[in-house]
Engineer: 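This is the structure I want to talk about, given as structure tokens.
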Amino acid sequence: MLKWTNGVLSWKPSVVVFTLLIALATALAVACSSDDGADDAAAAAAPTTAPAAPAPEEGGGTFIIANDLIGPKAFSPSLITGGAHSAFGLQDWGFYDFLIRADYSAAPVFGKAGSGGIATAWDLASDRSKITFTIRSDAEFNCAAGGKVDADDIVYSFMDSMKDGTKSTRGPGIKRWAPTWTANSDTEVVATLNEKNLAGDWLLALGNHGGGSIPIVSKDLQDSAGDGALTTPCGSGPFHITSWTSEDEVIGVPVPGNWRAPAHKMVDEFKVVQIAETNAKLAALKTGEVHMANIPLKFIGDANDDIEGSWLQMTGKYQPQIVYFGGNFWAKRAYRFEDEADIFPRPGLKADDDHPWIGNPDDPANMERARKVRWAMSMAIDRESLNKNVFNNLGVLTYTYTDVLPDHELYNPDWTVPYDVAGAKKLLAEAGFADGFDLGFWVSPDNTAAVDPEIFEAIAQQWQDVGINASIEKTVYAARRPTLVARSIDIPFAHHTFWLTKDQAKGQTLVPTGGFNHGGELPEEIGLLRYENDVEPDKQKRIENNLKMQDFLSYWQLQAVTVTLQPYWLVRPEVAEWKPHQQAWAMFNSPETVKMAK
């Protein structure tokens, strides 16, 4: 544990038996032949058994899914923001391609990074100075001016996503460790690395495991069309966009002879329609207006029962639902980033009476006061009630940012946060807030692939039992994200986290960087554990580092981790077959695998 003694932060790590049983192969491979996998896959709730599907015909038909949001019509890497409606959707919906593509694997197992992407092979230099990618020669863009996919397209796509002023949510992160991309030939690309920043899980940033990556676009189109390339759909996936209407629908048709086309005939038409509200999704499913939708766990069981012949498909890794106590930016300098300049204090560090959950690392008394407030807010959350009433007991109670569930052998009982209203009130009184306080609470309405707003609305109600009155802010993610990047957020907010293995470097979103942040920055001695794990060859030592980080996070209760969300899609009986890739997120993917029933 960590504690303050006479103004000094002292450390006593928890005692844990470091024997790890890995259920699945790691996704942190650095070669085509290495295994990718998800730890704790067995922790996910088992899906409803699908009924015997009607015999599929050879293919064809119109296939329609519901999605929360259809974003702007923009096909330039530097102007594509994150989310299921844009960067992810372009690739997951089969219109554009990832550089690296995992082999197919059914949920909950993650497939290994294979040769089925635009890059068929890659080699990380022994001195970690560069990665050399071999580019396939049989991929073509789905527009007249696009041409064949070659190394120049890869270089252009990545460099455009990283340029000054980019709106990309992934490009700046990749730039940190791979700032320069060059083409040696039509079929060879070299990414020059910043070795000290190379993450051990770099494959996840380039592939379709669900971490989000850069869509490959045509440089020839950009050269010939100029600004017109922004709104000209021209991917290399098995479907081509024929119509894209923001906040309405996207329509695509199959591409004959596409390099990713399956042996069977694909559907004749693929539609994505914007339906965000749960009741509207349920109505569209029941009437057959759409064939698939992701439905909150609270409603999915009854909806499945109401539609004869429907079935549930697990998609994505479970996502711990987390309250991040925004504003606790404790790093004094930008360690391991750019010029390592002094950054303290960040704009969001408002350790005052109006923000009692935020602690000032230069004031031990203030730090302890804020710690008690955060613990009280976490203890006031009835996790069992959330799981029962919102997730139909399909989730798992959890308490760790580093994703060690309570039934895992590495779990430390000290991390458990009891539901204790009386204890929470006592801590608030000791902190000087016996009557509670008011606060803002950001709950994004449009990130339902990973965050269920109802969980956090219920948490806000539970806080009222201890006198904390939360005013829920429902700003969409894209509009609020800049405050995370700028480190100016100063309120608690709803989000999630995901990890594929126990030894994966943790804390990427809790250290000083130029990109996304989870509302806080760890002090240097803890944050450096994240970078140590990037280069640490010993798995046990990497696990030990992660457990040290979790000890710190739990003692200071920088997040209130509550219950896991295991996503499912409800599928109507008209769909006879769908084989989605297992990914980190609960997003629809792999439309080329869909077969409609007779």
Side-chain angles (χ1 to χ4, degrees), residues 1-4 9 320-330 348-361 363-387 389-390 397-401 406 412-443 455-473 489-495 510 518-520 522 550-563:
M1 289 297 180
L2 286 119
K3 62 180 181 178
W4 286 94
L9 188 65
Q321 306 292 280
I322 301 177
V323 176
Y324 288 90
F325 294 112
N328 287 287
F329 299 101
W330 297 346
L349 182 67
K350 299 177 181 177
D352 53 33
D353 288 348
D354 292 330
H355 303 80
W357 60 90
I358 300 177
N360 181 354
D363 183 343
N366 179 270
M367 285 286 280
E368 179 62 13
R369 182 183 81 160
R371 187 181 77 88
K372 288 182 176 180
V373 169
R374 293 190 298 272
W375 263 96
M377 294 177 72
S378 190
M379 290 168 63
I381 298 173
D382 186 346
R383 291 162 174 81
E384 289 188 1
S385 175
L386 297 177
N387 191 33
N389 296 315
V390 182
L397 272 59
T398 183
Y399 306 92
T400 64
Y401 165 85
N412 180 355
D414 289 346
W415 299 337
T416 301
V417 179
Y419 172 53
D420 185 350
V421 171
K425 288 181 176 180
K426 181 175 182 294
L427 286 175
L428 288 175
E430 292 174 1
F433 296 93
D435 295 328
F437 52 86
D438 299 337
L439 79 166
F441 185 27
W442 173 40
V443 180
I455 283 286
F456 299 96
E457 292 166 359
I459 288 173
Q461 292 179 342
Q462 292 175 356
W463 281 341
Q464 293 179 357
D465 293 340
V466 296
I468 296 174
N469 300 306
S471 177
I472 294 180
E473 173 193 324
I489 192 165
D490 58 7
I491 61 173
F493 62 95
H495 212 248
L510 298 175
H518 264 135
L522 297 171
Q550 186 57 58
D551 276 343
F552 180 90
L553 296 173
S554 291
Y555 177 77
W556 291 103
Q557 204 62 200
L558 286 173
Q559 308 97 12
V561 189
T562 62
V563 63

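Just so it is clear, the structure is predicted and the values come from calculations on it, not from any experiment.
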Engineer: Tell me, do Leu397 and Leu386 make a side-chain contact under 4.5 Å, heavy atoms counted?
Structural biologist: no
Engineer: Does Gln557 have any side chain to side chain donor-acceptor pair (under 3.5 Å) partners at least two apart in sequence or in another chain, and if so, which?
Structural biologist: Ser378
Engineer: Looking at Gly520, is its backbone amide N or carbonyl O close enough to the side chain of Trp330 to form a donor-acceptor pair, meaning the two atoms are under 3.5 Å apart?
Structural biologist: no
Engineer: First locate atom CD1 of Ile322, then atom OH of Tyr399, and finally report the distance between them rounded to the nearest 0.5 Å.
Structural biologist: 13.5 Å
Engineer: Is there a side-chain contact between Asp414 and Tyr555 in this structure, where contact means two heavy atoms from C-beta onward sitting under 4.5 Å apart?
Structural biologist: no
Engineer: Report the residues that fulfil side chain to side chain donor-acceptor pair (under 3.5 Å) with Tyr401, sequence neighbours left out, ordered by chain and then residue number.
Structural biologist: Thr509
Engineer: Can you name the closest pair of heavy atoms from Gly327 and Ile358 and give their distance?
Structural biologist: O-CG2, 3.3 Å
Engineer: Quick one: closest heavy-atom pair of Pro492 and Val323, and the distance?
Structural biologist: CB-CG1, 4.0 Å
Engineer: Donor-acceptor pairs under 3.5 Å, side chain of residues 417-432 to any protein atom, not counting sequence neighbours: which ones?
Structural biologist:
from   : atom 1 : to     : atom 2 : distance (Å)
Asp420 : OD1    : Ala422 : N      : 3.3
Asp420 : OD1    : Gly423 : N      : 2.7
Lys426 : NZ     : Glu430 : OE2    : 2.5
Glu430 : OE1    : Lys372 : NZ     : 3.1

Engineer: Specify the closest pair of heavy atoms between Ile381 and Gln462, including all atoms of both residues, with the distance to one decimal.
Structural biologist: CA-OE1, 3.2 Å
Engineer: Is a side-chain donor or acceptor of Trp357 paired with a backbone partner of Gly326 at a separation under 3.5 angstrom?
Structural biologist: yes
Engineer: Begin from the C-alpha positions of Gln321 and Val390 and carry the test side chain to side chain contact (heavy atoms under 4.5 Å, CB included) through to its verdict.
Structural biologist: CA-CA 12 Å; Gln321 306 292 280; Val390 182; over 6 Å; no
Engineer: Atom CH2 of Trp375 and atom CH2 of Trp556: how far apart are they, to the nearest 0.5 Å?
Structural biologist: 12.5 Å
Engineer: Are Arg374 and Asn328 close enough that some pair of their side-chain heavy atoms sits under 4.5 Å apart?
Structural biologist: yes
Engineer: With a 4.5 Å limit on heavy-atom distance, are the side chains of Leu553 and Val561 in contact?
Structural biologist: no
Engineer: Please check if the side chain of Asn366 supplies one atom and the backbone of Asn360 the other of a donor-acceptor pair under 3.5 Å.
Structural biologist: yes
Engineer: Just how far is it from atom CD1 of Ile459 to atom OG1 of Thr562, taken to the nearest 0.5 Å?
Structural biologist: 4.5 Å
Engineer: Mind checking side chain to side chain donor-acceptor pair (under 3.5 Å) for Asp363 and listing every partner two or more places apart, or none if nothing turns up?
Structural biologist: none
Engineer: Once rounded to the nearest 0.5 Å, what's the spacing between atom CG of Leu558 and atom CZ of Arg371?
Structural biologist: 11.0 Å
Engineer: Considering only distance and modelled atom types, tabulate donor-acceptor pairs under 3.5 Å from the side chains of residues 435-442, sequence neighbours left out.
Structural biologist:
from   : atom 1 : to     : atom 2 : distance (Å)
Asp438 : OD1    : Asn469 : ND2    : 3.1
Trp442 : NE1    : Thr475 : O      : 2.8

Engineer: Among all residues two or more places apart in sequence or in another chain, which pass the side chain to side chain contact (heavy atoms under 4.5 Å, CB included) test with Asp352?
Structural biologist: Lys350, Asp354, His355
Engineer: Side chains of Phe329 and Ile489: does their closest heavy-atom pair fall under 4.5 Å?
Structural biologist: yes
